[in-house]
Amino acid sequence: MTLTPLTPRSPDTLSAPPAVLHAPVIDWFEAHARDLPWRRPEAGAWGVMVSEFMLQQTPVGRVLPVYEQWLARWPRPADLAAEPPGEAVRTWGRLGYPRRALRLHAAASAITELHGGTVPGDHAALLALPGVGEYTAAAVASFAYGQRHAVLDTNVRRVLARAVTGVQYPPNATTAAERRLARALLPESEPVAARWAAATMELGALVCTARTPQCGRCPIAGSCAWRAAGSPAHDGPPRRGQTYAGTDRQVRGKLLAVLREAVAPVPQRVLDAVWDEPVQRARALDGLVADGLVEPLEDGTYRLPLT
DNA sequence: CAAGCGTGGAA
DNA sequence: TTTCCAAGCTT
């Protein structure tokens, strides 16, 4: 089989969607997909949704144990909705970005009240749920309900940037051009499109990785525009890195860690011990309260929210 | 639309 | 050691 390298071009000029990509990527997926619990049929739409929340900016390996605990304790949205949001925050553990736990709890409540306890399959209804954005709505509709959507996560964006556009990395923020390209590449058949979405994501996660892509194991290396161009290094402004040490985020993390472990309301002085700079400490705590992650009590103690 | 939001593993 | 980065969302 001869693969013709794709030359860099805009989606507007795609005379025909390069279906040459579909079969190799999907075949590779059939052979190499990881056996993840949220991909098994018994996960259901709720399992898929829980996994998508947890996987927002958190690696698979750290999600796995918490996912299992979560589904065992709250097998349906209504089970979670019946408990205080603080229990969601506590069970979230150290996955990071704990507002996601709060939003997942709020989403479970909305699903219970507005959708009879069943995760909606409608893209717009999904998008209306707390914590569900463009990516997560498409992912749930596609993975749980087999629908045809452009599922644009960081993995897919990187695969398309390289294989089709011919650059090492996608832009910092998702662009209209990327959405157009992803839509143009979507297989016509609904089930094939759903498979394609999962397959491109997995290819980005396992082979077409950010740092050291394993091109030797890539099913479309022969038609990759980036390789055809000589694998040029990223050109442009450096990708925005995140600092952490000394930030409010770090302080928030320390404060919340204390509250997660506590079985009773925590006195102010215990929280004061986690950070010595009082202005930043107060700002961080205020922020947690404002976010609804922490509940201040009349007596000056704090706990995870009951409401 | 850029900034803010956690955490830990790997290079 | 430092830096990068991991299935984003909200404001």
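These numbers come from the heavy atoms of this one structure, side chains and all, not from hydrogens, waters or symmetry mates. Each chain gets a letter, A, B and so on, in the order the sequences are listed, and its residues count up from 1.
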Sugar-phosphate only, base, or nothing, as touched by A:Thr212 at under 4.0 Å among non-hydrogen atoms: nothing
Whichever of A:Val132 and A:Glu52 has its nearest DNA chain C nucleotide further upstream toward 5': A:Glu52
Separation of B:dG4 P from A:Arg99 CZ (nearest whole Å): 11 Å
A:Arg34, CZ: over 12 other non-hydrogen atoms inside 6.0 angstrom: yes
Rounded distance in Å - CE (A:Met201) to P (C:dA6): 13 Å
Short side-chain N/O contact from A:Tyr169 to OP1 or OP2 of C:dC5, under 4.0 Å: yes
Any side-chain donor near an acceptor of the partner, A:Trp74 and A:Glu83, under 3.5 Å: yes
Spacing between A:Asp153 atom CG and C:dC9 atom P, to the nearest angstrom: 10 Å
Side chain of A:Arg94 (C-beta onward), nearest among C:dG8, C:dC4, B:dG8: B:dG8
Integer-rounded Å distance: B:dC5 C1' and A:Gln56 CD: 12 Å
Sugar-phosphate only, base, or nothing, as touched by A:Val63 at under 4.0 Å among non-hydrogen atoms: nothing
A:Arg158 vs C:dA6: side-chain N/O to OP1/OP2 distance below 4.0 Å: yes
Nearest-Å distance once atom P is located in both B:dG8 and C:dC9: 23 Å
Spacing between A:Arg249 atom CZ and C:dT10 atom P, to the nearest angstrom: 16 Å
5′-ward residue of the pair A:Pro130/A:Ser51 relative to DNA chain C: A:Ser51
Residues touching DNA chain C, which here means a heavy atom under 4.0 Å, drawn from residues 264-296 of chain A: none
Touch class at under 4.0 angstrom, heavy-atom based, for A:Trp38 against every strand present: base
Value in whole Å for how far the C1' atom of C:dG8 lies from OH of A:Tyr97: 9 Å
Sugar-phosphate only, base, or nothing, as touched by A:Arg62 at under 4.0 Å among non-hydrogen atoms: base
Nucleotide B:dG4, atom C1' - distance to CD of A:Gln250 in whole Å: 15 Å
Flag side-chain contact, heavy atom, 4.5 Å: A:Glu295 against A:Tyr302: no
Closest to the A:Asn155 side chain, choosing from B:dC5, C:dA7, B:dT7: C:dA7
Residue pairs, two or more places apart or on separate chains, that pass ring-ring contact (aromatic ring centres under 6.0 Å, His included) and touch residues 194-218 of chain A: A:His22-A:Trp196
Salt bridge (Lys or Arg N to Asp or Glu O under 4.0 Å) partners for A:Arg62, two or more places apart: none
Sidechain-backbone polar pair: A:Glu202 side chain, A:Ala198 backbone, donor-acceptor under 3.5 Å: no
Under 3.5 Å: donor-acceptor pair, side chain of A:Glu52, backbone of A:Ala137: no
Sugar-phosphate, base or nothing in reach of A:Glu134, heavy atoms under 4.0 Å: sugar-phosphate
Spacing of the C1' atoms in B:dA2 and C:dA7 (rounded, Å): 22 Å
Pair A:Ser142, A:Arg148: side-chain N/O donor-acceptor within cut-off below 3.5 Å: no
Minimum-distance nucleotide to A:Pro59 side chain [options: C:dA6, C:dC5, C:dA7]: C:dA6
Touch class at under 4.0 angstrom, heavy-atom based, for A:Phe53 against every strand present: nothing
Spacing of A:Leu95 atom CG relative to B:dG8 atom C1', expressed in whole Å: 11 Å
Sugar-phosphate, base or nothing in reach of A:Leu152, heavy atoms under 4.0 Å: nothing
Touch class at under 4.0 angstrom, heavy-atom based, for A:Thr58 against every strand present: base
From CA spacing to verdict: ring pair (Phe, Tyr, Trp, His ring centres under 6.0 Å), A:Trp70, A:Trp92: CA-CA 8 Å; A:Trp70 196 280; A:Trp92 195 257; 5.8 Å; yes
